[in-house]
Peer 1: 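Here it is, the structure in full.
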Amino acid sequence: MYIEQGYRGQLSLWKYLVIPTGFIGLIIINYITVLNTPQSTEEIMQIMVDKIGSNLVLITMLLPLAIALFILLVWVKLIHQQSITSLTTSRKKIDWKRILFSFILWGSVTAFFVVLDYSLNPEDYIWNFDLVPFLSLVIIAILLVPLQTSFEEYLFRGYLMQGIGILAKNRWVPLVFTSVIFGLMHIANPEVEKLGYGIMIYYIGTGFFLGVITLMDEGMELALGFHAANNLVTVLLVTATWTAFQTESVLKDVSTPKLGYDVFVPVFIIFPILVFIFSKKYKWNRWKYRLTGAIDKSNLELEA
């Protein structure tokens, strides 16, 4: 049982509060700063890109979260005295094949939709490919994007999922809480400023999707692969002046941003299809229990 893996560490409320409180506090400060800045987030991003270049801007955005991942893992290992494996999965070993399958599946789907939209609406894009900056981007993205996405997964689907689950003694509270907080974490993104708060449906919906596959699969592996593929493929293939990542991608979206089907289709159509695919491949069962059931330390003894 995945959430029960948290019992393998040293439990204490203050230990679970330090890192999430610090991270959420920084998000709140960033959001307040954005609200009180006369310039738009898009303008601020463009100024930074003009001054130091998009690749360096990307590093400044990703590196703090990459460092935060190592801080979180060291905190779990030293303060909670919990293994990284038990933070990641209920299996005896981290299943790298699951991570790879999820990465390839969602990476392929994402790339397909980018190419499809480019084919159907070529006027919405300009060819942005420049070999040398792009090769630099590839190196930066491969090194830092998986660390950035892994931090978010280990914090929300790992650390908080287990900690809140043990505190609440059930599975549905951590599912709802981590999904909503994960969505709200993106509230200062330039996409929200450009498209409005309706895009939070996508962010919170993605949080629920990642939470569901984590609980149903009794481990984070599928979520880790999905999140890494989502950000990595997007960073490399397409960018826009109004998105969080400004990169030397292959394409640049120059269309007028609007809240449309591309926000709702993933949440209400594509993600359920992915859940179905995962459920068949990994033979998921006991849906009600895995998503809403009680948390009991004795499950670890039964597991052993």
Peer 1: Test Ile270 against Ile273 for side chain to side chain contact (heavy atoms under 4.5 Å, CB included), laying out the working first.
Peer 2: CA-CA 5 Å; Ile270 298 177; Ile273 292 174; 5.5 Å; no

Peer 1: Is a side-chain donor or acceptor of Glu193 paired with a backbone partner of Asn189 at a separation under 3.5 angstrom?
Peer 2: no

Peer 1: Over all heavy atoms of both residues, which pair between Thr247 and Ser54 is shortest? Give the atoms and the distance, please.
Peer 2: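 Of all heavy-atom pairs spanning Thr247 and Ser54, the closest is C-OG, 3.9 Å.
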
Peer 1: Does any N or O in the side chain of Ser102 come within less than 3.5 Å of the main-chain N or O of Gly225, such that one atom is a donor and the other an acceptor?
Peer 2: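 No, the answer is negative, given that no donor and acceptor are paired below the 3.5 Å cut-off.
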
Peer 1: How long is the gap from NZ on Lys194 to OG1 on Thr256, to the nearest 0.5 Å?
Peer 2: 9.0 Å

Peer 1: Donor-acceptor check, side chain of Asn128 to backbone of Ser249, threshold 3.5 angstrom: yes or no?
Peer 2: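 Flag set: sc Asn128 to bb Ser249 pair under 3.5 Å.
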
Peer 1: Can any side-chain N or O of Ser150 pair as donor or acceptor with the backbone N or O of Leu147 at less than 3.5 Å?
Peer 2: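 No.
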
Peer 1: Could you tell me which non-hydrogen atom of Asn55 sits nearest to which non-hydrogen atom of Ser136, and how far apart they are?
Peer 2: ND2-CB, 3.5 Å

Peer 1: Honestly curious: do Tyr261 and Ile201 fall in one hydrophobic cluster under the side-chain, below-4.5 Å linking rule?
Peer 2: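 Yes.
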
Peer 1: What verdict does the side-chain hydrogen bond (donor to acceptor under 3.5 Å, both in side chains) test give for Tyr125 and Ser255, after you've listed the backbone C-alpha separation in whole Å, the side-chain angles of each residue and the deciding distance to 0.1 Å?
Peer 2: CA-CA 7 Å; Tyr125 298 89; Ser255 63; over 6 Å; no

Peer 1: Using atom types as modelled and distance alone, determine if a side-chain donor or acceptor of Thr243 lies under 3.5 Å from a backbone N or O of Thr239.
Peer 2: no

Peer 1: Carefully, step by step, assess Tyr197 and Tyr203 under the rule ring-ring contact (aromatic ring centres under 6.0 Å, His included).
Peer 2: CA-CA 10 Å; Tyr197 291 109; Tyr203 291 128; over 10 Å; no

Peer 1: Taking C-beta and beyond as the side chain, do Asn285 and Arg290 meet within less than 4.5 Å on heavy atoms?
Peer 2: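 The answer is yes; the side chains approach within 4.5 Å.
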
Peer 1: With side chain to side chain contact (heavy atoms under 4.5 Å, CB included) as the test, would you mind laying out the steps for Leu135 and Ile139 before giving the verdict?
Peer 2: CA-CA 6 Å; Leu135 291 177; Ile139 295 172; 5.7 Å; no

Peer 1: Judged by atom type as modelled, is there a donor-acceptor pair below 3.5 Å linking the side chain of His80 to the main-chain atoms of Gly9?
Peer 2: no

Peer 1: Show your working on salt bridge (charged side-chain N to carboxylate O under 4.0 Å, His left out) between Lys97 and Glu221 and close with a plain yes or no.
Peer 2: CA-CA 9 Å; Lys97 290 182 179 179; Glu221 291 98 332; over 6 Å; no

Peer 1: Using salt bridge (Lys or Arg N to Asp or Glu O under 4.0 Å) as the criterion, list what pairs up with Glu153, not counting sequence neighbours.
Peer 2: Arg157

Peer 1: I'd like to know if Ile19 and Ile29 are part of one continuous hydrophobic network [Ile/Leu/Val/Met/Phe/Trp/Tyr, side-chain heavy atoms within less than 4.5 Å].
Peer 2: no

Peer 1: Quick one: are Leu87 and Ser83 in side-chain contact, heavy atoms under 4.5 Å?
Peer 2: no

Peer 1: Report, as yes or no, whether the 6.0 Å neighbourhood of atom CH2 on Trp287 holds more than 12 heavy atoms from other residues, nucleotides or ligands.
Peer 2: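 More than 12 within 6.0 Å, yes.
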
Peer 1: Heavy-atom distance under 4.5 Å between the side chains of Asp217 and Arg98, does that happen here?
Peer 2: yes

Peer 1: Could you please spell out the steps behind the side chain to side chain contact (heavy atoms under 4.5 Å, CB included) verdict for Phe271 and Leu210?
Peer 2: CA-CA 9 Å; Phe271 290 169; Leu210 293 169; over 6 Å; no

Peer 1: Flag the pair Leu222 / Tyr282 as yes when at least one side-chain heavy-atom distance between them is below 4.5 Å, and no otherwise.
Peer 2: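 Side-chain contact under 4.5 Å: yes.
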
Peer 1: Any chance you could lay out the side chain to side chain contact (heavy atoms under 4.5 Å, CB included) test for Phe23 and Phe151, step after step, and finish with the verdict?
Peer 2: CA-CA 11 Å; Phe23 180 66; Phe151 167 68; 3.6 Å; yes

Peer 1: Is there a continuous path of hydrophobic side-chain contacts, each under 4.5 Å between heavy atoms, that joins Phe101 to Met216?
Peer 2: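 Yes.
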
Peer 1: Spell out, yes or no, whether Ile24 and Met200 are grouped together once hydrophobic residues are joined by side-chain heavy atoms under 4.5 Å, including indirect joins.
Peer 2: yes

Peer 1: One thing to verify: whether Asp124 and Lys252 come together as a salt bridge, which I'm taking to mean a side-chain N less than 4.0 angstrom from a carboxylate O.
Peer 2: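 Looking at Asp124 together with Lys252, the answer is no, because their closest N to O distance does not fall below 4.0 Å.
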
Peer 1: Is it true that Leu195 and Val265 fall in one hydrophobic cluster, defined by side-chain heavy atoms closer than 4.5 Å?
Peer 2: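 Hydrophobic grouping puts Leu195 with Val265.
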
Peer 1: Spell out, as yes or no, whether a donor-acceptor pair under 3.5 Å connects the side chain of Asn170 to the backbone of Val173.
Peer 2: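 It does hold such a pair.
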
Peer 1: Give a yes or no on this: more than 12 heavy atoms of other residues, nucleotides or ligands lie within 6.0 Å of atom CZ of Phe264.
Peer 2: yes

Peer 1: Which atom pair, heavy atoms only, marks the closest approach of Leu232 to Ile142?
Peer 2: CD1-N, 4.1 Å

Peer 1: Taking the side chain as everything from C-beta on, heavy atoms only, tell me whether Leu11 gets closer than 4.5 Å to Ile166.
Peer 2: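 Contact flag for Leu11/Ile166 side chains = yes.
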
Peer 1: Report yes if some heavy atom in the side chain of Tyr2 is under 4.5 Å from a heavy atom in the side chain of Gln162; otherwise report no.
Peer 2: yes

Peer 1: So how far is it from Ile199 CD1 to His186 NE2, rounded to the nearest 0.5 Å?
Peer 2: 9.5 Å

Peer 1: Closest approach of Ser12 and Trp14, non-hydrogen atoms and distance?
Peer 2: OG-CD1, 2.8 Å

Peer 1: So, for Val49 and Gln246, which heavy atoms are closest and what is the spacing to 0.1 Å?
Peer 2: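 Looking at all heavy atoms of both residues, the closest pair is CG2-CB, 3.9 Å.
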
Peer 1: Give me the ring orientation class for Phe278 and Trp284: parallel if the planes are under 30° apart, tilted from 30 to 60°, perpendicular past 60°.
Peer 2: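 It falls in the tilted class, 30° to 60°.
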
Peer 1: Between Asn121 (side chain) and Glu123 (backbone), is there a donor-acceptor pair under 3.5 Å?
Peer 2: no

Peer 1: Is there side-chain contact between Pro174 and Leu160, with at least one heavy-atom pair below 4.5 Å?
Peer 2: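 No; the side chains remain at least 4.5 Å from each other.
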
Peer 1: Do the side chains of Arg171 and Glu218 get close enough for a salt bridge, i.e. N-O under 4.0 angstrom?
Peer 2: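 Looking at Arg171 and Glu218, the cut-off is met.
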
Peer 1: Nearest 0.5 Å please: distance from the CG atom of Asp253 over to the OH atom of Tyr118.
Peer 2: 12.0 Å

Peer 1: Just wondering, do Leu236 and Leu137 contact through their side chains at under 4.5 Å, heavy atoms?
Peer 2: yes

Peer 1: Under the ring-ring contact (aromatic ring centres under 6.0 Å, His included) test against Phe209, which residue among Phe182, Phe226, Tyr202 passes?
Peer 2: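 Checked Phe182, Phe226, Tyr202 against Phe209; only one passes ring-ring contact (aromatic ring centres under 6.0 Å, His included): Phe226.
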
Peer 1: On a heavy-atom basis, which atom in Pro146 and which in Thr149 lie closest, and how many Å separate them?
Peer 2: O-OG1, 3.2 Å

Peer 1: Quick one: do the Trp106 and Thr110 side chains pair a donor with an acceptor below 3.5 Å?
Peer 2: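 Note: Trp106 and Thr110 side chains meet the donor-acceptor criterion.
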
Peer 1: Sequence neighbours excluded and cut-off under 3.5 Å, please list the side-chain donor-acceptor pairs for residues 56-77, or say none.
Peer 2:
residue	atom	partner	partner atom	Å
Thr60	OG1	Val57	O	2.6
Trp75	NE1	Lys15	O	3.1
Trp75	NE1	Tyr159	OH	3.2

